[in-house]
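What follows is a set of notes on a single structure, which appears directly below.
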Amino acid sequence: MPAAGDESTLMLTVSEIASQLGGEVFGKADLVVTGFAGLDDASADDLVFISSAKWAGRWSDSDARVALVTRGVEVQGHDSETSALIVVENAEIGLMLLLEAVAAELRPAPPAGVHSDASVDPTAVVSDSASIGARAVIGPGARIGQEVVIHPGVVIGEACVVGDRTIVHPGAVIGAEGFGFRPDPETGLPRRVPHLGSVEIGSDVEIGACCCVDRGKFGPTLIGDGTKIDNLVQVAHNVKIGRGVIIAGQAGLAGSVEIGDGAVLGAQVGVAEHVKIGAGARIAATSGVLRDIPSGEDYAGTPARPARQTLREVAALRRLPELVASMPRRESS
Amino acid sequence: MPAAGDESTLMLTVSEIASQLGGEVFGKADLVVTGFAGLDDASADDLVFISSAKWAGRWSDSDARVALVTRGVEVQGHDSETSALIVVENAEIGLMLLLEAVAAELRPAPPAGVHSDASVDPTAVVSDSASIGARAVIGPGARIGQEVVIHPGVVIGEACVVGDRTIVHPGAVIGAEGFGFRPDPETGLPRRVPHLGSVEIGSDVEIGACCCVDRGKFGPTLIGDGTKIDNLVQVAHNVKIGRGVIIAGQAGLAGSVEIGDGAVLGAQVGVAEHVKIGAGARIAATSGVLRDIPSGEDYAGTPARPARQTLREVAALRRLPELVASMPRRESS
Amino acid sequence: MPAAGDESTLMLTVSEIASQLGGEVFGKADLVVTGFAGLDDASADDLVFISSAKWAGRWSDSDARVALVTRGVEVQGHDSETSALIVVENAEIGLMLLLEAVAAELRPAPPAGVHSDASVDPTAVVSDSASIGARAVIGPGARIGQEVVIHPGVVIGEACVVGDRTIVHPGAVIGAEGFGFRPDPETGLPRRVPHLGSVEIGSDVEIGACCCVDRGKFGPTLIGDGTKIDNLVQVAHNVKIGRGVIIAGQAGLAGSVEIGDGAVLGAQVGVAEHVKIGAGARIAATSGVLRDIPSGEDYAGTPARPARQTLREVAALRRLPELVASMPRRESS
C-alpha cells in the first residue's frame, strides 16, 4: 500500500527491469529509476526509451541515466561507467509492459466482486470476475461481462449490457432515458416520447467519469469494441459508435449520430443529430459538426469543414479588420 | 421482464392495436408489429403512421405493412391481402398513446416509494406517490411532489422543491451552492459569498442525467412547468427558466439568466450572466449568447446574432481567403 | 430549520445589524430587512450597501430604506424619519460578515463527521473536523484535511489528498484514471497507459458539482490554495493549477495544462494539452486556447487571441458579407 500522496513509491533497479523484460544490460546494473519520462524532459532518476536512430543521437544530451533501447538501434556517446542501457526487442512495448507491471503493483485494479455498498438489482446478471464499486447501482436485467470494472457511483440502467474487460469510470450514467419529446396537442407543452431501447457497450471499452449514455428509442445505443471515451461526454439515444474510436472530454453526440471505426473526436466537439462521421476521420477540439464527414479526413471549426480550409479562413480573418478599414464604406441603399 | 439486451420483446397484432386505440381495421388483422418507424425508414415489421395526404401517397412504396391512419386521409395503393391500415381519429396521437402503453409494460416507471438504498433526511417531505431511487440523497427540508421520479444517484439539496410528476435523471445535482466569490481583502484570494436561496422546480419537468442546478443567492433558482432539460446542463444560481422550455445537452446558463416560455436552446449553448432570452426564441447549438435575445427570434453563432446574419457571415468567410489573396498588402505604417 | 422553499426566513432589525457589526445608526432603528440587493435593484425590505460617493448620490432614488455605509462617505438626501443608515468601517466587508453570520444560521455547514451512508475505505485518513456526506465514497489511502466538506455523492479516488477547509460539491469525481492510450501493436486498438499518480488539492479550494479531476500519469494533478472551480469542469491528468484561480462552469483543461496564480477562465473555455496560461490572465467564456497565453493578458475566441483583436475581427466579420458582395468574383484558375 503506497503512503497517501507519496509519489516516490516506484523504485526499480536496472537489473530488475532487465530481468522483468528479458533485456540485456550495458552499463551500471545497480542504478535505480523512480519514474518514467521522454528523453528531453527526463531527470536523472527517470527511465527513458530509445526506439530509433533519431532519439539515439540525443542520449548523451539527456539528463536520464537509464534507457530502454530497441535492439539494433545504435546509441552514441554512452558512458557505461555512469549510465545503463537495457536492450530489448521493442523499447516502446517494453516500457508499456513495465508500466503495466508497476501499475498492477502500485495501483492494483479493484478486486472482483460486488462491493457491500453497491446496489445491484436481483435480476441483473453480473459476471463473477467483474468488479462493482461502492455506491454503484446496477438496474434490472442489466448484464455485466467478465473482468468489467464498474467504478464507484456509476449507474447502469435497466437492460443495459457491458462487454468484457470494459471499464466505466466513477459517476457515469449508462441508460438514462433519451431526450425525445413532442408537443402535447392538449397542453402545447412538450410531452415525453417513451424510449424502450437499451445501451450495448462492447468489450475493452472505457467510459469516462460523469459521462451520460442514453438508451435508444427502440433499438439500442451502441458503443463498439475498444472505443475509449473521456470524461463528461454526452452520447444521446440511438448513437452508433464503431470500434477503436477515441472521444475526448466534454464532447457531445446528438441523437442517432454514427461514428465510424477509428475516428478521433477532440475535446468539446459537438455533433448534430443523424450526422455520420466516417471511419478514421479526425475532428479538431471544439468543432461543431453539422454535416456528414467523409472517412479519413481532418475537419475543424464550427460549422466543421476541412481543417486546411478552416486554417486558411482563420488566417484570413486576422487580416480582415485591415481589409475592411481600407475599403470605402458602401452607401446604404 | 424483458430479457437483458433483447430488443424484440414488442409483439402486437393489428387487432390488438386497433382494440387498444378504438380503431377500424382495413386488411390483415393478424399481422404482427415488433417496432415503430417513419414511413421511409420502416422495415416489414414496423408500425408507421400516416397523418396527411403527403404521407398517404408514399404508403405503397414503403416496406411497412401496417399503418395507423388519421380518419379522412385517403391512402392510395393499399393491398388489403398483404397489409393493414388501422384508422383512428389522429394517427400521431394514436402512436404516442400506443408507445406509452407499450412503455408502461416493457419499461414500467420505477415503483412509488423510497428505495432501501436511498438516503432521505428525516426533515424532507416526500409524497407517497413519489419514487426515490437507489443511492439518491434527499437533503433537509426538501419537498418532493406527487408521482415524482428521482432516479438513482441524484442529490436534492436542502430546502429544494420538486413539483408533481417531474423526473430527475440519474446523477443530477439540484441545489449545490452557487458559484459566487469576492476577493477577500485580507488574503487577496477569492472568498465565498454565501448562497441562502433554494431551487424550485415546477411540475412535469425533466432534468437530465448529471445536470447541475445551483441554489440562488437569496431568492430561488426557478424552473417552470413542463420544461425539459437534457443531460450535463449547467443552471447557475438565480436563473429563471419559464414554462415549456427545451434545453439540449451540455448547454450552460450563467448566474441570473432568464429564459422565456417555450424557448429552445440547442446543445452546448452558453448564455452569459444576466442575459434574457425572450419567449419562443430559438438558439442554434454551440452558440454563445452575450446579449439579450428578443422573443420568437432565431439566433446562432458566438457572439449570438440573428441566424440569417450568421449564415451570411459563414458563407462570406468561405470566400475570404480568396479575397485576401487578391488584395495588395497594405504597407505597415 | 427554515420551512422548505420559504425564502422569507431572514428578518433582521436595523439595531440588530448595527449591534452585530458594531455600527452607528442614523434614522429608524426598528426597520426590518428581509433580503440583500444592489442599490438599483433593491426593494423596500432589502439591505443595500454604499461604499463610495458614486453610490451615495443614488441613495435618495433607491426603493431601499436601509443601507450599510462606509464611514466617511457622505450620503445625500437621507430622510431619517423613513429610512436608516448604518455606518461601519467598510460597508462591503460589513455586508459579507453579515451574510456569513446569516448563512451560518439559515444554512449551517454540514456537521463534522462521516455520514452513516458514506463509504470510507479503512485505509483513508479523514480529519475529525471534516464532513463526509451521504453516499460519498473515499478511496484507499486518501487523505481529507481539517474542516473539509465532502458533499453527498462525491468520489475521492485512491491516494488523493484534499487540503484544509476545501469544499467538494455533490457528484464531483476526484482521481479517476487519466485519459491516456497508445495503439496496441497487436490489435491496432487503443490500449490504456496506466496512470500511477494522484490528485493533490490545496486548502480553501472549491470543486464544483459533477467536476472531474483525473489522477496524474506519474506525478500528481495539482490544484493550488484558494482556487475555485465551478460545476461540470474537466481537469485532465497532470494539470497544474495555481493559487486563487477562478474557473467557470463547463470549462475543460486537457492533459498537462498549467494555469498561473489568479488567472480567470470563463465558462465553457477549452485549453489544449500542455498549454500554459500565465498568472492573472483572463480568458473569455467559450474560448478555445491552443497556444500559451502571457501573464495578465485578456484573451478571447477560438483559437484564443488578444481580446481586442477578437473584438475587431468580430466587428469586421459583420461587414464581410457586404464586402464580398461588392467584389468581382475571381475567375477560377
Side-chain angles (χ1 to χ4, degrees), chain A residues 1-7 10 35-37 90 92-93 96 99-100 102-104 106-107 115 117 133-135 151-153 167 169-171 204 206 208-210 225-228 230-232 243-244 246 248-250 262 267-268 285-286 301-302 314 317-318 320-321 323-325 327 329-330, chain C residues 119 123-125 135 137 139-143 153 155 157-161 171 173 176-177 179 181-182 185 187-198 200 210 212 214 217-220 232 234 236 250 252 254 268 270 272 288 302-303 305 309 312-313 315-317 319-320 322-323 326:
Chain A
M1 173 64 50
D6 183 356
E7 301 296 327
L10 174 65
F36 303 84
N90 180 320
E92 195 169 351
I93 293 178
M96 282 291 283
L99 265 175
E100 288 171 4
V102 168
L106 287 187
R107 295 262 182 270
H115 193 286
D117 286 338
R135 306 299 174 206
H151 276 283
I167 300 171
H169 291 279
D204 301 301
E206 295 203 21
C210 295
D225 295 345
T227 283
K228 311 294 187 185
D230 200 356
N231 301 335
L232 290 163
R243 288 164 51 88
I246 300 270
Q250 297 176 318
Q268 299 184 336
T286 82
T302 301
V314 166
L317 192 55
R318 293 286 169 285
L320 181 61
L323 196 63
V324 165
M327 295 293 295
R329 183 146 196 140
R330 269 175 107 195
Chain C
S119 184
T123 64
V125 180
R135 308 297 174 207
V137 177
R143 283 192 318 213
V155 177
E158 184 176 346
C160 293
V161 178
V173 173
E177 207 168 2
F179 193 69
F181 301 91
R182 283 170 186 251
T187 66
L189 292 176
R191 183 186 175 95
R192 170 157 281 290
V193 175
H195 281 61
L196 309 175
S198 68
E200 296 184 10
C210 295
C212 299
D214 282 352
K217 207 159 162 187
F218 309 118
L232 290 163
Q234 154 77 345
Q250 297 176 316
Q268 299 184 335
T302 302
R305 43 210 190 275
Q309 183 184 331
R312 274 198 305 268
E313 290 175 15
L317 193 54
R319 288 197 58 202
L320 183 60
E322 169 198 352
L323 196 63
S326 73

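All values below were derived from every heavy atom in this structure, side-chain atoms included, with hydrogens, water molecules and symmetry-related copies excluded. Note on naming: letters A, B, ... go to the chains in the order of the sequence lines (proteins, then strands), and numbering restarts at 1 for each one.
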Looking at every heavy atom in both P152(A) and V137(C), which two are closest together, and how far apart are they? CB-CG1, 4.0 Å
The criterion is side-chain hydrogen bond (donor to acceptor under 3.5 Å, both in side chains); which residues satisfy it with D230(A), sequence neighbours excluded? none
Counting only non-hydrogen atoms closer than 4.5 Å, does L317(A) touch chain C with its backbone (N, CA, C, O), its side chain (CB onward), both, or neither? both
Does any non-hydrogen side-chain atom of E177(C) lie less than 4.5 Å from one of R107(A)? no
Where do L323(C) and V324(A) come nearest, in terms of heavy atoms and distance? CD2-CG2, 4.0 Å
For L189(C) and R243(A), which heavy atoms make the closest approach, and how far apart are they? CD1-NH2, 3.8 Å
What's the verdict on side-chain contact (heavy atoms from CB on, under 4.5 Å) for R305(C) and V314(A), showing C-alpha distance, side-chain angles and the deciding distance? CA-CA 11 Å; R305(C) 43 210 190 275; V314(A) 166; 5.9 Å; no
What are the two closest non-hydrogen atoms of K228(A) and F179(C), and how far apart are they? O-CZ, 3.4 Å
Of the non-hydrogen atoms in P194(C) and A103(A), which two are nearest, and what is the gap between them? CB-CB, 3.4 Å
Among G252(C), G157(C), A176(C), which has the most heavy-atom pairs under 4.5 Å with chain A? G252(C)
So, do H169(A) and C212(C) sit near enough that their side-chain heavy atoms are less than 4.5 Å apart? no
Counting only heavy atoms closer than 4.5 Å, note whether R182(C) contacts chain A via side chain, backbone, both or neither. side chain
Could you measure the distance from the CG atom of L106(A) to the NE2 atom of H195(C)? Nearest 0.5 Å is fine. 14.5 Å
Could you state the interatomic distance from CD (E100(A)) to CZ (R192(C)), rounded to the nearest 0.5 Å? 10.5 Å
Please identify, among D117(A), T286(A), T302(A), D225(A), the residue contributing the most non-hydrogen atom pairs under 4.5 Å to chain C. D117(A)
Which bit of L320(C) is near chain A, if near means a heavy-atom gap under 4.5 Å: side chain, backbone, both or neither? side chain
Do you know the tightest heavy-atom contact between H115(A) and S119(C)? CE1-OG, 3.7 Å
Side chain proximity check, Q268(A) to Q250(C), heavy atoms < 4.5 angstrom: no
Hey, are the side chains of V173(C) and C210(A) touching, using non-hydrogen atoms and a 4.5 Å cut-off? yes
